[in-house]
Amino acid sequence: MAPNPAPTPHIAARPRHSILVRLIAMMLLALIVLVGLAVLIIWLSVRPKHLVYSIEDGSIHGYNLSNNHLNANFHFVLRAHNPNSKVSIYYDKMEATVYYNDETLAFNTVEPFFQPHRNVTHIGLNLGAKDVSLYDPVAKDLKLERSAGEVELEVRLKAKIRFKVGAWKSKRRTLRLSCEPVIVHFSSAKNLGRALCDVDL
């Protein structure tokens with residue numbers, strides 16, 4: 001008697017949902033690659049350069065320090081240089097603070113503005129100290145510098161900015177500037193030396 005033939009192994013059909021998942025995954029991967037290439041092409045065509053900021057001028061008016069309480073008006077001119085040929089900048093919000101020995105003396109905001117490409121913009125910063133209480137050592141150091149005719153300050157700025165390239169606009173990013181030492185002379189006969197700002201973006 002001839003032996004019975006071996007049963008043919010049953011090959012299970014591949015579920016349709018697994019094919020669909022693979023197809024979606026391949027489409028997502030292709031989309032990611034295309035977006036990456038588009039970003040790379042934009043970056044290569046734009047070639048963004050670093051933004052440069054500095055404090056160009058500074059003065060103090062209405063200065064009065066009594067019983068460790070300070071009243072004064074600080075005025076600075078911030079120079080913002082955008083060297084990029086294709087990138088413009090929206091400054092949607094900007095805050096400025098004056099520090100002395102890491103203690104806050106004055107604070108104010110700046111009106112929103114737009115900076116075109118290849119542009120230098122000068123921004124006036126007006127900050128008022130009204131009855132600001134100072135620690136005794138800080139007040140003593142400030143009095144000594146006042147008697148010497150000049151004071152060394154630090155100006156910090158925080159801004160929400162957006163970049164514009166053609167019709168494309170980026171999401172908001174946080175720009176932080178630290179400008180020091182800003183040496184301000186109490187005598188109006190002397191000019192402030194330029195103080196470069198460290199940029200954190």
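Since we're looking at a predicted model, the values are computed, not measured.
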| Beyond-backbone contact of L201 with I161, side-chain heavy atoms, under 4.5 angstrom | yes

| said: Regarding K158 and E95, does a basic nitrogen lie under 4.0 Å from an acidic carboxylate oxygen? | reply: no

| request: May I ask whether V199 and Y90 are part of the same hydrophobic cluster, defined by side-chain heavy atoms of I, L, V, M, F, W, Y residues being less than 4.5 angstrom apart, directly or through others? | output: no

| Could D102 and R156 be called an ion pair, given the rule that one side-chain N must be under 4.0 Å from one carboxylate O? | yes

| Just wondering, do V182 and E152 contact through their side chains at under 4.5 Å, heavy atoms? | no

| message | Given 3.5 Å as the limit, does a donor-acceptor pair link the side chain of N73 with the main chain of G62, or not? | response | no

| message | D200 vs T174, test: side-chain contact (heavy atoms from CB on, under 4.5 Å). Steps then yes/no. | response | CA-CA 8 Å; D200 181 13; T174 301; over 6 Å; no

| request: Only one of Q115, H117, K169 passes side-chain contact (heavy atoms from CB on, under 4.5 Å) with S88; say which it is. | output: H117

| request: May I have the step-by-step check of side-chain contact (heavy atoms from CB on, under 4.5 Å) for K130 and N71, ending in yes or no? | output: CA-CA 5 Å; K130 187 175 181 181; N71 289 278; 4.1 Å; yes

| message | If only side-chain N and O atoms count, and only distance matters, is there a donor-acceptor pair under 3.5 Å linking K93 with T109? | response | no

| request: Write down the atom of L78, the atom of C197, and the distance for their closest heavy-atom approach. | output: CD1-SG, 4.3 Å

| request: Treat each ILVMFWY residue as a node, draw an edge where side-chain heavy atoms are under 4.5 Å apart, and state whether Y99 and V138 are in one component. | output: no

| message | Tell me the closest heavy-atom pair linking A96 and L127, and the distance in Å. | response | O-CD2, 3.1 Å

| remark: Rounded to the nearest 0.5 Å, the NE2 atom of H185 sits from the OG atom of S59 at a distance of 12.0 Å

| request: Taking the side chain as every heavy atom from C-beta outward, state whether L65 and L142 have any atom pair closer than 4.5 Å. | output: yes

| said: If hydrophobic clusters are built by linking Ile, Leu, Val, Met, Phe, Trp and Tyr wherever their side-chain heavy atoms come under 4.5 Å apart, do L20 and M26 end up in the same one? | reply: no

| field | Evaluation steps, side-chain contact (heavy atoms from CB on, under 4.5 Å), between N126 and F76 | value | CA-CA 7 Å; N126 296 295; F76 303 97; over 6 Å; no

| query | Aromatic ring centroids of Y63 and F186 under 6.0 Å? | reply | yes

| remark: The reported gap from CZ in R162 to CG in L175 (rounded to nearest 0.5 angstrom) is 14.5 Å

| said: Is the ring pair F113/Y91 parallel, tilted or perpendicular, if the boundaries are 30 and 60 degrees? | reply: parallel

| message | So E145 and Y100, do their side chains get closer than 4.5 Å, heavy atoms only? | response | yes

| query | Do the side chain of N82 and the main chain of N84 share a donor and acceptor less than 3.5 angstrom apart? | reply | yes

| Can you hop from V77 to V155 via hydrophobic side chains spaced under 4.5 Å? | no

| request: Measure the spacing between CZ of R194 and CD1 of I183 and express it to the nearest 0.5 Å. | output: 15.0 Å

| query | Going from CG on N64 to NE2 on H69, what distance comes out if it is rounded to the nearest 0.5 angstrom? | reply | 11.5 Å

| request: Supply the atom-to-atom distance I55 CD1 to E154 CD, rounded to the nearest 0.5 angstrom. | output: 10.5 Å

| field | Transitive ILVMFWY side-chain link L23 to L31, under 4.5 Å | value | no

| query | Are R79 and Y53 in a cation-pi setup, meaning NZ or CZ lies under 6.0 angstrom from the ring centre and within 45 degrees of the ring axis? | reply | no

| request: Would you mind reporting whether I60 and V151 have side-chain heavy atoms less than 4.5 Å apart? | output: yes

| Which atoms form the tightest heavy-atom contact between S85 and R118, and what is the distance? | CB-NE, 3.4 Å

| request: Indicate the atoms forming the closest heavy-atom contact of A129 with A106, along with that distance. | output: N-CB, 4.0 Å

| message | Tell me if the NE2 atom of H50 is crowded by more than 12 foreign heavy atoms within 6.0 Å. | response | no

| query | Taking it one step at a time, do D141 and N101 satisfy side-chain contact (heavy atoms from CB on, under 4.5 Å)? | reply | CA-CA 9 Å; D141 289 344; N101 287 355; 3.4 Å; yes

| request: Write down the atom of A80, the atom of I123, and the distance for their closest heavy-atom approach. | output: CB-CD1, 3.9 Å

| request: Drop me the distance from S54's OG to L177's CG, to the nearest 0.5 angstrom. | output: 10.0 Å

| said: Can you confirm whether D131 is buried at CG, in the sense that more than 12 heavy atoms of other residues, nucleotides or ligands lie under 6.0 Å from that atom? | reply: yes

| query | Are any non-hydrogen side-chain atoms of S133 and L70 less than 4.5 angstrom apart? | reply | no

| request: Verify the neighbour count for atom OH of Y135: are there more than 12 heavy atoms of other residues, nucleotides or ligands below 6.0 Å? | output: no

| remark: In terms of heavy-atom contacts, E180 and L153 come closest through CB-O, 4.2 Å

